[in-house]
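Notes follow once the structure below has been shown.
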Amino acid sequence: DFFYEPINGLVHGRVLEGLESGTSSLARGVFTGLIRGTASVTELVSHNLANLTSDDVFIDERNVYQRKTLHELKTNARRTMQDSLVVAGKCVAKGFRSGANGILEQPSMYASRHGTAGLVKGVGKAFVGAIVKPVVGVGDAAVVVMNHVSETTSHKLLDIAKANKRFRRALPWASAASGNNVKLIPYDEKSAEVQQIVTSGETKDDAYLGHVHTPSYLIIASNQFLWIIDDQPSDPRRIRWEEISNFGIYGNSMKIDVFSGQGPRSFTFEMSPSNIDLLLGLLSMKLGNSLHRTNIDLSLRGTSYSNLPGVKSLQVGHVFGSVNRPLQIESIDLNDGFIKRCYTRVNRMGSFMPNFFQLLDIEVWLLISSVSQMFTGLSSRRCVAVGLINGSGEKIQVKSAKLVQGGSPCYTIPSVEYDSKQGALHPGGAIIFFGWSAVPSLLQPGNVLMNIETNLFVTELTDSISQSTNTQALPSWQVSFLEKSYGENGWWAKYWILVQKKKTTATSSGATR
């Protein structure tokens with residue numbers, strides 16, 4: 001412009017106006033370039049400092065907040081300097097708040113998971129975060145303000161994240177069996193935009209599969225999660241596929257049951273028939289190969305298991321996991337005395353009792369609570385409890401139960417239906433398997449991996465939802481999970497599994513893992 005405008009003014013007889021316009025454009029360009037360059041350097045420094053904290057929660061929250069801010073600023077054509085200052089203030093506040101929270105939370109969290117070494121690591125991370133996170137917040141605020149000044153000066157659209165005008169195409173997910181064959185579909189702007197939520201601009205190791213938009217929610221299926229996003233996009237709910245226990249069509253709605261720390265939780269979404277078919281296809285894509293049809297409804301009202309083969313009495317309704325509440329035990333010995341007392345109580349129980357399954361669930365929770373209170377502080381241990389219910393109609397031969405990883409024996413606590421001489425669990429009976437880890441140290445993390453082998457199935461269960469579980473049943477049988485609960489601090493895992501004979505005909509539109 002510095003050269004073009006004077007020449008253009010000379011051609012049209014307005015040399016002074018052209019010279020003034022070119023000089024003004026040159027000054028504006030230099031100023032804008034300087035501001036943008038400073039903003040880019042500041043943004044890069046803030047990004048590197050955020051990674052220096054090694055706090056995945058802080059990094060993820062910062063990325064989500066930046067994407068939300070970008071969307072709001074791009075869609076607000078009349079944004080003022082006051083609006084940008086408000087956003088900048090929020091960035092600073094988030095940095096200081098996250099740094100303060102880290103001082104209180106990280107030492108205790110790492111100490112509970114990794115013992116003495118974890119305590120040292122947690123204190124170090126908290127100290128670094130207390131210094132770095134506020135600096136990151138100030139840097140993000142400075143970027144917001146400088147970009148606003150740059151936009152105002154150049155009269156161009158603010159683009160904090162240097163995003164492309166058009167998002168990358170959302171390609172359909174292809175399984176490994178399909179080889180290199182990918183069906184190229186027409187570009188869809190909405191799908192491309194939703195893909196950015198899943199991949200965080202290609203910084204996340206996840207893949208977009210598809211999405212359904214309802215009047216109140218955006219439901220996204222990715223390779224690792226089912227995303228449920230309401231009108232607060234900065235706090236999406238991500239559900240691991242392993243947490244989904246059941247899904248089915250109920251009228252004009254899709255109901256999805258999810259395992260939680262206190263029993264299954266239900267999500268119901270009203271949507272059009274076409275969206276129901278689309279969501280059903282996405283769920284079946286991820287869960288279809290490992291789902292089994294069953295007549296057990298894991299409802300919040302409680303389920304009666306009276307119709308299981310071998311159950312002798314009409315059972316009261318019960319939700320496995322509903323007893324998982326803080327429990328204070330008066331006295332605990334430092335040996336396995338609490339295991340022996342539990343064995344004595346459970347060995348007298350049977351399906352002839354109307355509250356049989358409820359009492360069993362309470363006993364399992366007592367075991368977990370006992371270990372949590374017996375091993376505290378730097379001697380804390382993780383534990384895994386597995387309850388097995390025989391609804392197969394035949395004997396289940398327990399071949400072996402052991403801890404592949406752990407620091408205790410794998411205790412077997414059967415009900416009265418168990419034949420100890422034959423090692424067989426009769427129909428309608430139950431067995432509890434329980435064990436805990438060694439003390440976490442620098443040499444070993446203190447995990448628990450339990451292996452159970454029977455004549456009908458084999459399963460390996462861990463103490464953490466982040467570690468994969470493996471369950472394989474013989475062709476004529478199925479293993480359904482009635483509960484998968486994990487402690488928020490990573491201390492315990494609790495499972496209830498039901499073994500049944502596979503149905504020859506489909507009797508339900510739902511499916512249970």
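Numbers here are sequence positions counted from 1. Since we're looking at a predicted model, the values are computed, not measured.
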Does any N or O in the side chain of N101 come within less than 3.5 Å of the main-chain N or O of R97, such that one atom is a donor and the other an acceptor? yes

Sub-4.5 Å side-chain heavy-atom contact between L360 and I389: no

Heavy-atom donor-acceptor pair, S408 side chain to W436 backbone, under 3.5 Å: yes

Please name the pair of heavy atoms, one in L209 and one in N223, separated by the smallest distance, quoted to 0.1 Å. CG-N, 4.0 Å

Is any side-chain heavy atom of L283 closer than 4.5 Å to one of I256? yes

Closest approach of Y486 to S464 (non-hydrogen atoms, all atoms of both residues): CE2-C, 3.7 Å

Pairwise side-chain contact, K133 with V135, heavy-atom cut-off 4.5 Å (strictly under): no

Minimum side-chain heavy-atom gap S437-Q405 below 4.5 Å: no

Check step by step if side-chain contact (heavy atoms from CB on, under 4.5 Å) holds for V364 and F320. CA-CA 10 Å; V364 171; F320 283 96; over 6 Å; no

Under 3.5 Å, is there a donor-acceptor pair between the side chain of T344 and the main chain of K340? yes

The single option from I229, N275, L226 passing side-chain contact (heavy atoms from CB on, under 4.5 Å) against I219: L226

Residue pair I431 / I413, side-chain heavy-atom distance below 4.5 Å: no

Between T42 and T38, is there a donor-acceptor pair closer than 3.5 Å when you use the side chain of the first and the backbone of the second? yes

Under the side-chain contact (heavy atoms from CB on, under 4.5 Å) rule, what do V346 and I432 come out as? Steps first, then yes or no, please. CA-CA 9 Å; V346 173; I432 299 170; 4.2 Å; yes

What heavy-atom pair brings G102 and P107 nearest, and what distance separates the two atoms? O-CD, 3.5 Å

Kindly indicate whether the side chain of I131, heavy atoms from C-beta on, has any atom under 4.5 Å from the side chain of F127. yes

Approximate separation, where rounding is to 0.5 Å, of E460 CD and N470 CG: 6.0 Å

Counting distance only, does the side-chain N/O of S322 pair as donor-acceptor with the main-chain N or O of V319 below 3.5 Å? yes

According to the interplanar angle, ranging from 0 to 90°, do the rings of F434 and F338 count as parallel (below 30°), tilted (30 to 60°) or perpendicular (above 60°)? perpendicular

Compare all side-chain heavy atoms of Q472 with those of T459 and state whether any distance is below 4.5 angstrom. no

What one should report as the nearest heavy-atom pair of A130 and I103 is CB-CD1, 3.7 Å

Atom CG of N51 and atom OG of S46: how far apart are they, to the nearest 0.5 Å? 11.0 Å

Verify the ring-centre separation between Y411 and F433: is it less than 6.0 angstrom? no

Backbone N or O of G446 within a donor-acceptor pair of the R382 side chain at under 3.5 Å? yes

With distance as the sole test, does S98 use its side chain to make a donor-acceptor pair with the main-chain N or O of K94 at under 3.5 Å? no

Atom pair SG (C383) and CG (L367), whose distance is rounded to the nearest 0.5 Å: 8.5 Å

Measuring from I368:CD1 to Q373:CD, what's the distance to the nearest 0.5 Å? 12.5 Å

In Å and rounded to the nearest 0.5 Å, what is the CG to CD1 distance from L388 to I497? 5.0 Å

side-chain contact (heavy atoms from CB on, under 4.5 Å) for T471 and Y495? Distances and angles first, verdict last. CA-CA 12 Å; T471 302; Y495 303 89; over 6 Å; no

Yes or no on side chain to side chain donor-acceptor pair (under 3.5 Å) for S222 and W227, after CA distance, side-chain angles and deciding distance? CA-CA 8 Å; S222 71; W227 303 61; 3.1 Å; yes

Flag if over 12 foreign heavy atoms under 6.0 Å of CZ, F225: yes

Check whether R381 reaches the backbone of S379 with its side chain - one donor and one acceptor, N or O, closer than 3.5 Å. yes

Can a donor-acceptor pair be found, under 3.5 Å and without considering hydrogens, that links the side chain of E483 to the backbone of G321? yes

In Å and rounded to the nearest 0.5 Å, what is the CH2 to OG distance from W365 to S372? 7.0 Å

For A88 and V145, which heavy atoms make the closest approach, and how far apart are they? CB-CG2, 4.0 Å

Is the F269 ring parallel, tilted or perpendicular to the F267 ring (thresholds 30°, 60°)? parallel

Stacked cation flag K484 on F481, 6.0 angstrom / 45 deg: yes

Do V386 and I452 touch side chain to side chain, with heavy atoms closer than 4.5 Å? yes

Do you know the tightest heavy-atom contact between M271 and L279? CE-CD2, 3.8 Å

Do other residues, nucleotides or ligands put more than 12 heavy atoms under 6.0 Å from H47 NE2? no

Between K494 and D463, does any side-chain N to carboxylate O distance fall below 4.0 Å? no

Heavy-atom count check: over 12 atoms from other residues, nucleotides or ligands less than 6.0 Å from E270 CD? no

Taking it one step at a time, do V41 and L44 satisfy side-chain contact (heavy atoms from CB on, under 4.5 Å)? CA-CA 5 Å; V41 172; L44 179 61; 5.8 Å; no

